[in-house]
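Below is one structure, written out as structure tokens, with a few remarks after it.
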Amino acid sequence: MSTIPSPSAPSEPTPPSAGIDAARAAELKAANINPRTGLATDYLNHFNEAVMLLEMVPDIPDCAEDFLQWSPLSYAEHFTASNFAARDLAIAAYEAADVGLRAEFDNITGTMTAILVAVHEAMREAQQDSTRAKLALQAAGWVKPLVSAAGGIINGGSEGDVEYIMTH
């Protein structure tokens with residue numbers, strides 16, 4: 001009498017960290033890089049700086065000039081230009097991250113960059129402080145939830161969490 005193997009249950013998606021050993025995970029964690037996603041929250045400082053400057057424009061109009069000095073940087077460009085101690089590790093971990101996760105992250109950071117570049121151009125053209133203040137507040141209101149969504153991806157939040165943030 002032979003036994004028939006039972007059908008196996010559908011497997012769960014393999015977490016990105018499943019393919020790395022404990023030593024590599026510890027190295028990433030020590031460098032403030034999420035071992036499950038391969039992404040570092042330090043990159044969000046680039047966007048938080050722009051948001052901070054935008055939020056200051058209504059009260060301190062001269063901060064518009066500071067915002068106009070901000071320029072977009074990709075993930076790799078940010079770490080290459082930073083003093084982040086593990087910058088090479090951060091870039092390598094990003095490049096090794098799950099392709100789908102990285103695409104989702106890049107989509108959100110690309111949207112933030114597009115908003116900030118468009119506002120940058122509009123503020124450069126604006127002649128009145130009140131116009132710059134309105135642009136700044138509107139842009140900050142758009143970008144802040146996207147920074148949170150990107151943070152959720154970095155920290156391994158679910159896609160549902162990101163969708164909720166994007167729609168509210």
Side-chain angles (χ1 to χ4, degrees), residues 7-56 66-123 136 138-168:
S8 58
S11 63
E12 293 285 321
T14 304
S17 62
I20 64 173
D21 62 26
R24 177 71 170 182
E27 179 185 27
L28 292 170
K29 189 174 182 179
N32 289 322
I33 300 166
N34 187 311
R36 289 185 299 137
T37 63
L39 302 173
T41 57
D42 188 81
Y43 181 51
L44 300 182
N45 292 339
H46 177 61
F47 297 101
N48 284 326
E49 175 189 3
V51 169
M52 179 191 70
L53 291 169
L54 289 169
E55 289 179 330
M56 293 171 61
D66 294 330
F67 172 71
L68 292 174
Q69 299 302 311
W70 182 90
S71 60
L73 296 173
S74 70
Y75 193 90
E77 290 168 339
H78 167 76
F79 283 103
T80 299
S82 77
N83 292 326
F84 192 75
R87 67 178 172 225
D88 294 335
L89 180 61
I91 294 167
Y94 167 82
E95 291 171 353
D98 175 77
V99 174
L101 179 87
R102 200 173 65 220
E104 186 179 354
F105 179 73
D106 289 345
N107 182 48
I108 290 174
T109 59
T111 299
M112 289 190 288
T113 298
I115 290 167
L116 293 169
V117 166
V119 170
H120 188 277
E121 291 170 7
M123 286 181 81
Q138 191 168 35
W142 290 333
V143 174
K144 281 175 79 170
L146 295 173
V147 170
S148 294
I153 293 169
I154 290 168
N155 293 311
S158 72
E159 187 175 319
D161 294 338
V162 172
E163 288 178 17
Y164 177 82
I165 291 169
M166 297 283 285
T167 59
H168 289 84

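Ring geometry for Phe79 against Tyr75 counts as tilted: the plane angle lies between 30° and 60°, on a 0 to 90° scale.
Glu27 meets the salt bridge (Lys or Arg N to Asp or Glu O under 4.0 Å) test with Arg24; sequence neighbours excluded. Here Thr41 pairs with nothing under the side chain to side chain donor-acceptor pair (under 3.5 Å) rule; sequence neighbours left out.
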_Run the side-chain contact (heavy atoms from CB on, under 4.5 Å) test on Phe67 and Val119 for me, step by step, so that the C-alpha distance in whole Å, both residues' side-chain angles and the decisive distance to 0.1 Å come before the verdict._
CA-CA 10 Å; Phe67 172 71; Val119 170; 4.3 Å; yes
>> Before you tell me yes or no, could you show the steps for His78 and Asp42 under side chain to side chain donor-acceptor pair (under 3.5 Å), namely the whole-Å CA-CA distance, both residues' side-chain angles and the distance that decides it to 0.1 Å?
In response: CA-CA 9 Å; His78 167 76; Asp42 188 81; 2.8 Å; yes
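With rounding to the nearest 0.5 angstrom, the CG atom of Leu39 is 8.5 Å from the CD1 atom of Ile153. Note that OG of Ser74 is 6.0 Å distant from OH of Tyr43, once rounded to the nearest 0.5 Å. One finds the CG atom of Asp106 at 10.5 Å from the OG1 atom of Thr111 (value rounded to the nearest 0.5 Å). Taking CD of Gln69 as the start and CG of Leu53 as the end, the distance is 10.0 Å to the nearest 0.5 Å. In this structure, Leu54 CG and Met123 CE are separated by 6.0 Å, a value rounded to the nearest 0.5 Å.
The backbone N or O of Ala103 lies less than 3.5 Å from no partner atom in the side chain of Asn107, so there is not a single donor-acceptor pair. Under a 3.5 Å cut-off, the side chain of Thr113 and the backbone N or O of Pro72 do not form any donor-acceptor pair. For Trp70 (side chain) and Leu116 (main-chain N/O), no donor-acceptor pair under 3.5 Å exists by modelled atom type. Put simply, the side chain of His120 gets close to the backbone of Leu68: a donor and an acceptor are under 3.5 Å apart.
Contacts classified as salt bridge (charged side-chain N to carboxylate O under 4.0 Å, His left out) and involving residues 141-152 (residues at least two apart or in different chains) are given here: Glu55-Lys144.
Residue Gly156 comes nearest to Arg36 through the heavy atom pair CA-NH2, 4.0 Å, listed as atom of the first residue, atom of the second, then distance.
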